[in-house]
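Everything on this sheet refers to the single structure shown next.
Hydrogens, waters and symmetry mates are skipped; everything else that's a heavy atom, side chains included, is used. By convention in this document, chain letters (A, B, ...) are assigned in the order of the sequence lines, proteins followed by strands, and residues within each chain are numbered from 1.
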Amino acid sequence: MDARIKSGHDSLLVLMGGRGGTSAYDLAMKPVSLDDLIAPIQHGTLLAIPPDYSGVSMAATRALIRRGVGGLRLVAVPTSGLQAELLIGAGLADELEAAAVLLGELGPAPRFAAAVTSGRLRMKDTTCPALHAALQATEKGVPFMPLRGLIGSDVQKNRPDWKIAENPFAPEGTRDPIVFLPAMQPDVALFHATKADRDGNVWIGRRRELVTAAHAAKQTIVTVEEIVDGSLLADEATAAGVLPSIYVSAVAEAKQGAWPLGLQDLYTVDDAEIARYAEAARTEAGFRDWLAQFMDGRRAAA
Amino acid sequence: MDARIKSGHDSLLVLMGGRGGTSAYDLAMKPVSLDDLIAPIQHGTLLAIPPDYSGVSMAATRALIRRGVGGLRLVAVPTSGLQAELLIGAGLADELEAAAVLLGELGPAPRFAAAVTSGRLRMKDTTCPALHAALQATEKGVPFMPLRGLIGSDVQKNRPDWKIAENPFAPEGTRDPIVFLPAMQPDVALFHATKADRDGNVWIGRRRELVTAAHAAKQTIVTVEEIVDGSLLADEATAAGVLPSIYVSAVAEAKQGAWPLGLQDLYTVDDAEIARYAEAARTEAGFRDWLAQFMDGRRAAA
Amino acid sequence: MDRARAELLIACVNRLLEGCRTIAVGNSSPIPGSAALLRRAKDPDTRMLMLGSRKHNAFTDGGRELFDCAAQGRIDAFFLGGGQIDGHGNINLVGLGPYPRITHRFPGSFGSAFLYYVVPRVILFREEHTPRVMVPQVDFVSAPGTSAPEVHRPGGPHALVTGRCVFAFDKAKRRFRLESVHPGESVDSVRANTGFEFDVAANVGETQPLAPDDLALLRGRIAGEIAETYPRFARALFGGQAAAE
Amino acid sequence: MDRARAELLIACVNRLLEGCRTIAVGNSSPIPGSAALLRRAKDPDTRMLMLGSRKHNAFTDGGRELFDCAAQGRIDAFFLGGGQIDGHGNINLVGLGPYPRITHRFPGSFGSAFLYYVVPRVILFREEHTPRVMVPQVDFVSAPGTSAPEVHRPGGPHALVTGRCVFAFDKAKRRFRLESVHPGESVDSVRANTGFEFDVAANVGETQPLAPDDLALLRGRIAGEIAETYPRFARALFGGQAAAE
């Protein structure tokens, strides 16, 4: 056996290759307008949105409300707050899957609660790790993910799409039921981040639920505070916090794009505005009034 | 229903809490000696080791060979090179699970090959994503992980511990076999990194297979180039690349601790030394000679 | 809540955390947080994860990490509450009325339907102790107190701390057992305010306050530590001016 | 390998990549890498992931990301090789002899037992084309060329490029079909050096070299791009001095 056959695996070395890196020869990605950004979101779209602390695109939320296309099916990853509240209150969302909806420390989200109790919103109650796992199933290209817990809760009992099966690795003669969660694939994932580069790489820091959502979604659209020159992947010290462009469909610039929610270390949640909202939204009329001001810019970041 | 019952979920808010952060009040972690570091590795230990490009603790490998405790069961995450080769050549490893073993671009690892063909090493052949998934199962606390591919390969046919089952979400009346991989829990994960802080947080950058291995392992022990002051988690710009101390059992300092392999951006693999090794290790005698020089420091980083 | 009441509740929770190595505490949880910090101050082997602060964020794997970490068995104690809690330890965080046509909506189950199963020592904490919270049967089971024997369940309720008393949870009996009543309360006053049946320990006494040295530790070092995450709570309670919550 | 041979193989691979949107290329793969870069230079909608370089590392989720990414359907084309390749498209990357008592060990299967199933267009690339590589039946199936109909398998072999010829793979027939022979080869010379049976296309001709404008692109811009990852290869082939590999 000579050296050539021994080294006949060259093209396999790629798989976990050499120094372990991967060069991207990327498509250049031109930033788009907010209206173009949200174009993939249509009636019936399964739309993944992040929790309030993870980078919420309130700028795109405003654009969605202005455009007025309804019938959205929202998936909170795994909770939501003001964003789901506004989309529901504005009548754009027919369905919501979430582990919780709340306005930060102010607690319940009034328009969400009203839509649930009136029956206007199809609510799919879940629990945080079940949502993460269902997205991970799609991330891994498997049809389901097993998860502990859940069994016997009313959360599980109200999810006919979840299956209870036996763990095939349980010792013979013993029972070990476990829930299989079907893979969830959002049509679109939408979030806000601090920055993107011109290749479409997006800085997300430690907010890796955004990575999982982007891996799982068919399309990922992002608003950012700024588009920066150079590649976000160039410096190893910070590259770990980047969502690579291969998962990113489009990027739009939106300053203060999370307001009145906060964004990473850049700005904190505007507690006073959230409190004003919570107070106003106790009634439908109050909600409409606040929303009108939010839409026309009378309510905006200071 | 008054405000109190509405806000009665306070202690639940914790779950995905507020700003989304988590304060750690850590145990201080004193760096230990190499000999103390490797103490958890004993006869029969299932020892997870990273691929050559991911941060290999050659310093701890030398300490293991000097100590001479054998019977190790190695798991490469998902491939290995010089480290498995030396542990196998030195007679310390009885078993290896890996997707491949090779000396970088120089190809086959001669002592590994000799141990396999002589029957001295129990080789559990696998494929990269199966290893990742089996560790993710333990990371998630589930007994198994489903994975596509695999079926009908001799890799799968030689793994009686893998099960083929039907996808319970397949349309009725159709078959959809899929492999269930049992969760893998290493006793110890061992790797080398650029730096750790005094809380035991370890910088791993983008090498997230180390994160998965540490999450899955009972204990994780790490050598680092240096112990730094301050918390590696303090700066959001770089925190994304940190393995938090909650997963780290012990840290030892070892300068040039990956040599002759490379480490992140700090130093590249010593190709000349690997070539000398590959040439020497074609024979058992040549291997012994190289190893003696590696052990007594005649072969060391320039 | 006045300072004496807060200190008493901290004493209760602190005692229940004895022997825990890793304690996770959520945000909006200043009392469990203070209790865990006090436990840690006295036992250097105790590690604490306090959620809700960006500063010193100890997780780097996104939203799933807390749950994965708990599933790995790395978290010994955690806190849950409930809009309703019943005598079997079931908790309801979803709403009142017949689901899905509920009449009042709470935020949602969060991670309770998972963590309640996998964290060995879950401490239920709910200050309001009235018949509408402590009910015979919750309207929606976000997470059940106990599970069928074949269900993998290393975790579950350990105790319930309220504004009136401390209950231990007896897994075999699927019932709470009254362990101590706070000053001013009695077995009867607890029973009158509890919608579910419960057992009563043979030696029910008054809930004991913190020992003087622990109290000093709380008012000193711990007050400073908790202020990092809960400045208003710390100021109100330990800043010299007792204030209603 | 001389420059003419390398350029011919690049031409073969480049043609097979037509219409691919995302191409992943491994390290130690300068010819597939050059072919993919050439494809991308001509089609701005083509994206390429070149593994094996730290510079411009496009992945941030650790070792599993390539496999997850492929499973998500984001990778259209990939390259595999084999110590042995048989006429059913089975590849062997583990060793020779009766497994597990093999007589010669290769490095291992890497990710082939997964990627071969999920990447739609896997191009087998093996320059050595001899009866010991192109065998009637591989000793160990690292990854099979085809699967039973009930097995989820969006991916599989598309073609086999060797130092002598180009085969297409016919999934329905589970056989290779000779499409073109390189200059100096014939159907007979290929048959004499191939251990497995194969079909022959009606119009087998000589493998066509790159068109002049593509060749200019390769020797110019692509030579510079490939040098980033494979400096020695680029220097040897395009640096003015043709060199044996």
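Taking B/Gly205, B/Gly241, B/Pro182 one by one and counting their heavy-atom pairs under 4.5 Å with chain A, the maximum is reached by B/Pro182. Options B/Asn167, B/Asp235, B/Thr194 differ in how many heavy-atom pairs under 4.5 Å they form with chain A, and the most are formed by B/Asn167. In terms of non-hydrogen atom pairs under 4.5 Å with chain B, the most contact-rich of A/Ala100, A/Pro143, A/Ala99 is A/Pro143.
With respect to the salt-bridge test (charged N to carboxylate O, under 4.0 angstrom), the residues B/Glu97 and B/Arg159 qualify. A salt bridge links A/Arg206 with B/Glu236: the closest approach of a Lys/Arg side-chain nitrogen to an acidic carboxylate oxygen falls below 4.0 angstrom. Electrostatic pairing of B/Lys195 and B/Glu225 does not count as a salt bridge here, judged by no charged N lying under 4.0 Å from a carboxylate O.
Heavy atoms of B/Ala239 lying under 4.5 Å from chain A belong to its backbone as well as its side chain. Contact annotation for B/Asp161: only backbone heavy atoms (N, CA, C, O) come within less than 4.5 Å of a heavy atom of chain A. Contacts of B/Leu103 with chain A are absent, with no heavy-atom separation under 4.5 Å from either backbone or side chain.
Side-chain contact, B/Tyr53 with B/Gln264: no donor N or O sits under 3.5 Å from an acceptor N or O.
The aromatic rings of A/Phe144 and A/Phe180 lie parallel to each other, with less than 30° between the two planes, well short of the 60° mark.
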